[in-house]
Structures are given as C-alpha cells and as structure tokens.
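For the numbers below, each heavy atom of this structure counts, side chains included, while hydrogens, waters and symmetry mates do not. So that the names make sense, note that chain A is the first sequence line, chain B the second, and so on, each numbered from 1.
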Amino acid sequence: MDLLEYQGKQLLARHGVPVPSGKPATTVDEAVAAAEEIGYPCVVKAQVQIGGRGKLGGIKVAANRAEVEEHAGNILGMDIKGLTVHEVWIEEASDIASEYYASIVFDRSAKSSLVMLSTKGGMDIEAVADEDPDAIAHLHVDPLLGFQDFHGRRLAFDAGVDADVIRPIGDMLAKLYETYLEEEALLIEVNPLIITNDRSIKALDAKVTLDGNALYRHPENAELTDPSAEDPQEKMAKERGLTYVKLDGNIGILGNGAGLVMSTLDVVAQAGGAPANFLDAGGGSKAEAITSAVEVILSDSKVTAVLFNIFGGITRCDEVAKGLIEAFATINPTVPFVVRLDGTNDVAGRELLAEAALPNVHTVATMLEAAEKVVELAG
Amino acid sequence: MDLLEYQGKQLLARHGVPVPSGKPATTVDEAVAAAEEIGYPCVVKAQVQIGGRGKLGGIKVAANRAEVEEHAGNILGMDIKGLTVHEVWIEEASDIASEYYASIVFDRSAKSSLVMLSTKGGMDIEAVADEDPDAIAHLHVDPLLGFQDFHGRRLAFDAGVDADVIRPIGDMLAKLYETYLEEEALLIEVNPLIITNDRSIKALDAKVTLDGNALYRHPENAELTDPSAEDPQEKMAKERGLTYVKLDGNIGILGNGAGLVMSTLDVVAQAGGAPANFLDAGGGSKAEAITSAVEVILSDSKVTAVLFNIFGGITRCDEVAKGLIEAFATINPTVPFVVRLDGTNDVAGRELLAEAALPNVHTVATMLEAAEKVVELAG
Amino acid sequence: MSVLVGADTKLVVSGITGREGTFHTLNNQAYGTNVVAGVTPGKGGQNVEGIPVFDTLHKAVEETGANTAMIFVPPRFAADSILEAEDAGIELIIAITEGIPAHDELRVYNHIKANGRSRLIGPNCPGILSPGKANVGIIPASFFREGQVGVVSRSGTLTYQIGNELAQRGFGNSSIVGIGGDPVPGSNFIDILELFENDPQTELIVMSGEIGGDAEEQAAEYIRDHVTKPVIGYIAGFTAPPGKQMGHAGAIVSGSKGTAAAKAEALEACGVRVGRTPTAVADIAAEILGA
Amino acid sequence: MSVLVGADTKLVVSGITGREGTFHTLNNQAYGTNVVAGVTPGKGGQNVEGIPVFDTLHKAVEETGANTAMIFVPPRFAADSILEAEDAGIELIIAITEGIPAHDELRVYNHIKANGRSRLIGPNCPGILSPGKANVGIIPASFFREGQVGVVSRSGTLTYQIGNELAQRGFGNSSIVGIGGDPVPGSNFIDILELFENDPQTELIVMSGEIGGDAEEQAAEYIRDHVTKPVIGYIAGFTAPPGKQMGHAGAIVSGSKGTAAAKAEALEACGVRVGRTPTAVADIAAEILGA
C-alpha cells in the first residue's frame, strides 16, 4: 500500500523523524485555514503518488493568503500524469543548505533490507545510480541483528556527508529503520532529506510503501486512503477482497491463482485478444466471491466477453459454477462467457453448468481453446 | 542489582504485567495512610531481599486500620535473617485459586535465556526442582529470535496449566520476557503467579535482578535503592566506584582484578589469616582511587593489617604507590601495611615507596611472601 | 525416487482442525501420504478421522516422530507455526498459508537459514506432490501420475496447468514442487533444481517462473553452471503492465528489471528453452523426451 | 608457533585515540606487534605516531588488510564496535573493554556464532600475548618470555601472577590467552584448549579459572576426552562467601554450584592436577616439565 507524501511524513514523525509541520486540505478554504495556522511563506503540494509533480506545477510556494488561495485553487483538481489531485498538503517553507537522499528497501533478492544514503538528493536517484553509482552508499542489514550504530556511521562516512551531521544522519537512519520495521514498510524513501541553514536535518519528502498483508497489526495505517490513486473498478474489487488490476482491452478475465491468471492474459494476447483486466479470485473462493467478481468485471463497460480459466486446487470447481449461475440469476450478463474448469470437483462443476444451461456460456476443455474461443466471441 | 519486591512489581507493571495495587511506606503513619487509600483487607509486607520472610512474621494481613498500625509497627525495624526492615509494602489482598511459578534467567552456560513455568508455585522452587523436576516446564529462547507465541504455548501446555489460562499465561510470559529484555534484567522470578477466583492472573511476588552494567541506559532504575541490604563499608565503596565485599576477618585486602584479589584471599587464608574484605581497585586505578580505597578498608574497625597485592597491567604501580603515600598524608593509618608491586611501572612504584619511607609499610617481593608477612603482622 | 516428499514422509499438519486444513489433510491421507499427527492448541487429545491431534508441535514430534510439517493456519499465526516446527526439529516445513506479512517471512527465512536444521517450502505455495508416493498440500493429485518430469514453480494453479499439459502428452512427474510466489520464499528455484539434478527418476525439469524479483535470472546461471539435465522454462506475465502488482507479492515489475521478457532472455542465454505458453512447454518436452 | 596472535597478526585498534587506547596500542607496537590501523569515527585521516586512523573499521580493513581487531572503546560503544569488526570481516576480535551490558554480550555472542566468520576473545579480558611474537592487549609483556607453557585464564591480573610464577621457575609461554571474566565470553576454555592441543610449541597447558558459572566443569570433561597434553588447573575463590559477587560478573557463587571446591574436584576427577596457589601451579609445572 503506497502512502501519499504527507501520510508517509506523519508516519515518520511518529517515530521521531523530524519533518516540516503541515496540514492536509481537500478544499481551497481548508488550504487557506491551514496556511493561516502554519504561517507564510508556506508550500502548497499536490498529493499524488507520482514523481515529477513539481515540474508540472504541483508544488508552489505561497507568500501570503492570496497566493495560497490561487495555488490551492489551481492544484486541487489538476491532472498529473493521469491522476486527479484531490488533496494538497500545506507545509511550512524550509530553507535548504543541502539535499541528501536516504532510503530503506525490502530486498527480496538478498533476503534482507537495503539501506541507502547519498549526498546527491533532490533529484532522480535512478539517474544518479546510473551516472555515478559510487555517490550512493549502501549496505544490507541482517534482519536478525537489526540496524546498528555502525551501519549509520558507515553509511554517513561512505556517502561523505558533512562532518557536523555524521551523527544526526546516523540517528535519522536508525529512526527510519525503526519506522520501516515497526510499521512493516516495504519501502521508505526520503528525497530530499535536507540540511537547513541552521544545520538541522529534516525529511522534506517521503515515499512510503506499507505491506498490505501486515495491515491487520496496524489498524491506524489500514485507514489511510489515497482518493486519487484508485480506479473505480479496482476500488470495488478491493472492497470485495479480490485482486483486480484494470487493463486496456475488452476481454474480462477471471482465474484462480496469480500465476495462472497472468498466463491466461499472455495466452489470450497471443491468440490476438486484449484483456480488460487481471482478476485473481484467490484460493478457496466460494460461490459468492465468484458472483461478486463477475459484477466487478462487468462494471467495466468496455468488456465484450469474459473468460473463466479455473484449475482448482484449493478452489473447487463446483463453487465456481455455482457462483456463475448465481451471477446470471442476479445480474443477467449480456456478454458471452467462455468457461474452462479443471481440477478439484471439476466434473461436478461442469455438470452444474450443463444443467443450468446458461445463455451464451461456452464450456471448453483446454486453456488454449478457451483463449481462442473468447477472442473469437469478443469480436 | 537486586530489587525489592515492590520495586520489581512496579517494573513489571510498567510492561503491562498485572500486579496487585499497593504503596510503599517507611513509617507506620505512611503505612496507615497507604492502607486507607487501598482499602481493607490489605497485606503488610516487609521489603527485604531474602526468602522466607513470611514464616518469620514479615507478611501480615490487616483487616482494618488498627491492624495495619500494629503490623507495620512490628515489621518496620524487624530483623529478618540479619537484615533490618526499613520499608514495608501495603498491598490490596488477593484471593487465590491457584499458585503458579514463572521465571526468566540469564543462562550464562547456555548463552541464552531460560524461561520456566510451573503449577507448583508459592513454595521453594528449588525443592520442587529436586523432588519433582518434571513439574517445571522450561525452554531456552534464542536471543536473536526472541520470545515467540509458541514458546508461551509450549510452556503452558507442558506445565499443565488450567485450560482456560493457557493463552493469558502465554501472554504474561511474553510480557515478562519483554520486561527482562527491555529493562536488561538478569533474573525475573514471579512466585507465586496467582490465578484469582475470577480467573484473572497476577504477579503476587517478584524477584528482579537488573544488570548493573546496563543501568546507564535505564536512569530511572539506577535510582532504585534498597536501604536494608547495604553494609556501611559496602555502601561507601560503591559510592566511590570500588568493588568491595565485606568479610569476617581482620586482614584488609586490596588488589587489582577480581581473579587476583580472590586468589589473594585464598593465599592469605592458606597462610592462616582471615581476610576482612575483598577489594578490587579495578583496572587503571589512579592514585586518588587507591587513597579512597584505603579509607574504605580502614573504616572497618576490625582491620589490624592491610595487604596490597598488585600485578599491574592496565594499572600502573607508580599510581598505586602515590595513592598509598597520599593515604598516609591524609588519614595517617595506624595499622601495618604489606605491599607487593609487580607489573607495569613496578620499579618506579617501588622507588616512590622507598623514598617515602612510610612508617610500618613493608615491601615484599612475592605474593606468597606477602601473605605470610601480613598474617604475621595482623596478629 | 522423488524429491522432498515420498514414502519416508511422516506428516504433521499445523491447523488440522480448520475447515481447509481437515479437507486437504484427509485428501493427502487418502492419496497415501503417511499423516501421523495434527496440531491445534487446545485440541490435544482429540483426533481428526483417527489422526491424533496435539497441543504443540513438539509433543506431536515426540509422540509420532513426524519429520515433515504442513502449515495450514491463518496468516497471522503462520510465522509462529513455522518457527515452532523448526524449533521442534522438523526437517521439511511446507507452508501453504497465503498472506503472511513480509517482515515475518524475512525473519523466519533468516532464522531458519542461520540454524540450518530445516528446509522451508513456501509460504503461499500449493505444496509438493510426488505422484504415486505422497502428496503434501493442495495440488489436485488425480491429474498427475508418476513419471520422469520434475516441475518447480512459483505459482500454484499454473503448476497444475503445466502438469496437466504434460499429462495430456503422456508424461508423468517425479515430483511437483510449488515454491510459492511470496517475496521471501523459504526455498528458491536453485534449491529445488539441485534436488532434481540429483534425483535419478527425474530426466527433465520444468521450471515455471513469473514476473518480479530475480529468482529466475539467478536460476538461469545456476542451470548453466550446475545442471546437466534438460530444463524447460516458462514465464508468466508477458502482458503485465509495469508497476502494477498482479496478485502475488512476487508478481510486480519495476522498470525493465524482472519483466517476463528479461527473464525469458536470461534463461535462453543460459541454454534453457522457454515455452511461451503452457502448451508450448509440453511441446518442447515431447521433443526432448521423444513422445 | 603460538596461538591466535603472532607474526601474521595485522592489528586494527578500535578506540585508538583514547588515552588508554593509545598507551596500550603503542606498547603493543613497541613489543613488535604489527599494528596497521586504528579507528575513531571523525578522526579518519589523522594518525597516532604514524599509525593511520580511519573513520570506520570497514575502511581500515579495506586499506590495510587488518585481520585482528582490538576493541578499546568505552562499554556503551563496545558491542557496536565488536559487531562492526565482525561485519568488516575481521577474523579475530579481542575485546578489552570491561563493563559491557550482559544482554549486549548475549546478542553479540549469538550473532557472531550464527555467522561463524569471526572469533571473539573477551570482552573484559587482558588480551593475548605470544611472547617474542606479538602482544595484543594489556598484558605486561616484559614479565614473560617464549616457551612451552600455554596459559588460558578468565582473570587478567591472576594470569600475570601465574605467568610470573612460571617465569620465576624458568618456564616461558607459547601464548597467554585471557578469555575474560564476563557472563558471556566470546570464547571459552574449550575453544582455547583445542588451540593449545594443536599447537606444536605448547607442551603443557595451565588453565586458570574462578568461581561462578560452569565453564571449568565443561572444560574438565573436554580435557578428559580430547586433550592429550598435560593440563594444570587453578581456581580462585575458595574463600569467597556464597551469594556474594566478587568483582567479575563471573565471580558469583550460588549454592554449591560453581564453588571453587566443586570446580577443583571436577577437574581432578577428569585427571587434571589442580594447584591451590599460583606458586603451587608453578611447582606442579616444574614436576611435569622437570625443571
């Protein structure tokens, strides 16, 4: 789960990481009220999960009330790379002596956590990594040992930070790691981490990704939302506990298991079709989940045909069949369905479908055949 | 550092371990005031670091104000196995359905922590261990992994606790471990851990030993004191940062390094003498520390002769000599001294002593000779 | 022969009394797997169709000599159950549970590795099937029969699909190993490739990967350097858009790293033939084994 | 030969710029130890009498190839310094620092053991002297000369006393190893006994223990089963009253366990002769080696 800038910074602040003070606002009036409280100059920052918003006019300094009104008015509702700005963050202006970069990444490949620090902050870190890899100090932290003081010292000396901030930077990295661990983040990136003229350090921006699987342990984080980021179908699917990703095509796809669904998308594409979505009904889906998933798929008006590709393990094909029959009873779909059922209770599932004799539902024997059929029907 | 019962329980309570409410009191008036606040019946408990105080009249239930007055009056000032009671703990009375035992021990030998649980609480656990070792469930916790839920479950099932408290007991063990780790304890023992009639669990007694080396990280714990436990010489030595243990004999001993001092005690005993103390001046002692140590040794009026046995490594013999010379200048000792100096700067040290020509100070060449000489002089 | 599970397997199931736990345990037993015990705290002394249930894994091991554990508890209890199994001395732990927090997985992985006593398969995996011998997990065994193809896969249902395509061409399997699609799998492709390389029954290995991470790239180099048997690769996710998470925590692509195309290339560069569909994998297998 | 430190030692000193750190580093260097670097964060680029100082241990290793680290920082920084040395790949870490919190020691011990890359001696130890070759730590080397007696001890100054008694009888030492008196020493008697057993220069081993813990009892069994060379034991603390802590965290006796008498008995039961005073140890050595 990706957090908005201000959500991430508030999370960091809870663990003692210094951040500029600020307030979120969803209307111009709220923005003005926030600015009046914070004082001038202040910064109006668009809250969207995408880089480069500054260049596109999503970050503006306001010297007074009128400017806040103007900037908030412009930024709220603005489209930034396809995302609509629903919220701004009004923040005290910071003076900047230096811009550094710090991050902690859950490194699947190394099975540990990667901590990075660079004095080349404030810019695209991937460009720095390409052009001057030595400018980014990095090390892995043994998960059983945790972040030690020497990790912080080593990063600070290796990155070549100013001598007077060696210790504060080390302390800040320790706090970022604490946040990362205790909030169960998969990524914490602070860019820029600034040194002010009076030599204090602050996280001026923050990108935080939390582990969705761990949210049950962090109910306060589970409530954080990003109104700009979600597609209506994706939101609907999420509310129903389905893994759904919207794509550009017209063939609705439902399968069980991420790998099989991805493979189905590939096979449909190879057969000349364009998938409208990725939808993993998950392991052990009951009939209701299937009915619910059909609703999600069909709520995308571009869909002209739907493919069910099920190979049941923990999922039982008879439940899938029941769910589809129920969907026909309640929402009466008008597009054709191609259904391939194999695996646990497949015979029972196919029998149920045969008995139900649903209109325009085609049962096929193999995945390849199913893909070809649905492409043909989708038109 | 050993804590008094109530200090230990307050420490546990800070980590969410349920304990009966109570208040400490050093006078009868305070005890009565505490009881009035807590309500009746309440328990008046002598605060001394020694087992078996109950049998000796150190724990009394009071049904009303008059009884608190009576019991507190009797217990305050009472001698329990050589310790004077300076403080009582007034506690709400608890009803007891079952008495269990729980402890966490820093296990040097296993290089990990040993957690124990038994349903045979409320009695001498060493007797239980001797007579019915299977009645004590125990396991070691990997320090890098920490206490896991399964540790608690396993202990609870192995100990055979009542089915309805399996989970609460596991939770309590987790909290005890948290306390042990975060407060850097070397021992936490809860005996009895009680189940009340309404099936809640509480730590009714607690024995907590903290790591003195870690107190700098726990300033609030460093301030805890036990007025009953300390001998005046030991207290004086502690304030001066010296490691001093009072013994029964008449030969004052000063050495550097615990091993050498213990060995010196042994050699003096073998030579027929009786050491008055163990005093390790520590590594790298400066002259002032030596002077200060002489004062501590001589504050014990039984001392009739003093032995210095120094083999300098990090300690420099010239500093030791200077300290002894300074001691003669300021406190003018009347008992004979036997001094053996070897190791770092020993020649310089011996020269300083020779020049000073202190009265009744005998320089000898070896440890064995030194022991024999001091026994002879001590009379 | 087969790998990991077989005639010597003595299985204990953590979470045996849950609905799915019971269903699949009995399925596994019906297939012939030697299920010796189950564990559900508080239900010690009961039994599930004759399989004794214990309160702790330690007790189960003590009483039954179980050497393999299947973890079938909900995600919030799964890390603890895996650690319990490791502590109890279980050699092979197969964690079916999906949705375990990533930091739990990291801790569990590193602890098990540091101790070096147990092998963990999964979590978020379908288990291991050695056709004709034993089935531990949720793989629908009736679709597979004994044979010479070893299958290792990050995805559950995709494994069935590939196994099924092979079966339709008449090929059976030595073992089918689902290593799971989570960020920190207990065992990776390389661990299983090594087992298949040393398994006399296995003549051909099918390795089914997906987008995200670099496990396939690492496996490619391992195959080049250490595997003498023919390997066929498959990668799911050619049509996945970058930056989108596709269900598995594993299935996320960032930039050009971890894309299906990059993985297929890496495998081919190391001499592994890659089928573009499950059907194509079976075609290549037929070519190699001469069906 | 000698054990642990010698001609191959390339020493880096953590805390080199402290008063004691500088004093003993230069002493060690003057003795002939190859001191290649020091570490003090923030003083990188400086030098101590020509010994280059670095900000981090990693940098020191990178630039000088140091293989041995001496830890001379205050207790609150010592655990971190030891872990830093281990992380930097140092093979032998000798921690002189006294007063490290016990839980820090526990964590450090288990981490180093789990990784298996480094050997830790100490903390709270006087270091290691291989007379005529190298001295790392605070042992006053001028009292000792090269010879055939290996000494291992929990106590610092007692080690000097015993070494000195041996010297007065004309015996020199292969190495003198202080393992320290703390609750969780990085290395125990057994680790060092094994080294002396395999060291051709060592003909006789003196093992000096003290009250508390069960390290001597464990060593006794090890000697019986694995050590062919003669071993002389010494135990300090016969007159220590039970329950009292005598300076070292190690030197505490509870009940009958860990008393000097129990330890001496355990050693004698395993065929180790125990001297009741340092002088008696030297007497026995003279008997065995025939001085």
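You'll find the side chain of N345(A) stays beyond 4.5 Å of the side chain of E319(A), heavy atoms only. Side-chain contact check for F144(C) versus S130(C): every heavy-atom pair is 4.5 Å or farther apart.
For D107(A), no part lies under 4.5 angstrom from a heavy atom of chain C. Of the two parts of Y109(C), only the side chain, counted from C-beta on, holds a non-hydrogen atom closer than 4.5 Å to a non-hydrogen atom of chain A. For chain C, no part of A371(A) is nearby; none of its heavy atoms comes within less than 4.5 Å. Residue T264(A): no heavy atom, backbone or side chain, is found under 4.5 Å from chain C. For D214(C), the part sitting under 4.5 Å from any heavy atom of chain A is the side chain, from C-beta outward, and nothing else. Heavy atoms of F238(C) lying under 4.5 Å from chain A belong to its backbone as well as its side chain. At a 4.5 Å heavy-atom cutoff, the contact between H24(C) and chain A is made by side-chain atoms alone. For chain C, the nearby parts of E184(A) are the backbone and the side chain; heavy atoms of each come within less than 4.5 Å.
Within the structure, salt bridge (Lys or Arg N to Asp or Glu O under 4.0 Å) pairs that include any residue of residues 99-115 of chain C comprise R217(A)-D104(C), D104(C)-R107(C) (at least two apart or interchain).
Ranked by heavy-atom pairs shorter than 4.5 Å toward chain C, the options A269(A), A185(A), G212(A), S113(A) are led by A185(A). Between chain A and the residues R76(C), E165(C), Q168(C), H111(C), the largest count of heavy-atom pairs under 4.5 Å involves R76(C). Across L215(A), D211(A), D346(A), the residue that shares the most heavy-atom pairs under 4.5 angstrom with chain C is D211(A). When the candidates N110(C), T279(C), I100(C), N164(C) are compared by the number of heavy-atom contacts under 4.5 Å with chain A, N110(C) comes out ahead.
Counting non-hydrogen atoms of neighbouring residues, nucleotides and ligands closer than 6.0 angstrom, the CD atom of E126(A) reaches no more than 12 such neighbours. More than 12 heavy atoms of other residues, nucleotides or ligands sit less than 6.0 Å from atom NE2 of H15(A).
Shown are I96(C), T25(C), I94(C); of these, the side chain to side chain contact (heavy atoms under 4.5 Å, CB included) with V136(C) is made only by I94(C).
Here the two rings, on F147(A) and Y180(A), have centers that are 6.0 Å apart or farther.
Between Q218(C) and N188(C), the side chains place no donor N or O within less than 3.5 Å of an acceptor N or O (distance only, hydrogens not considered).
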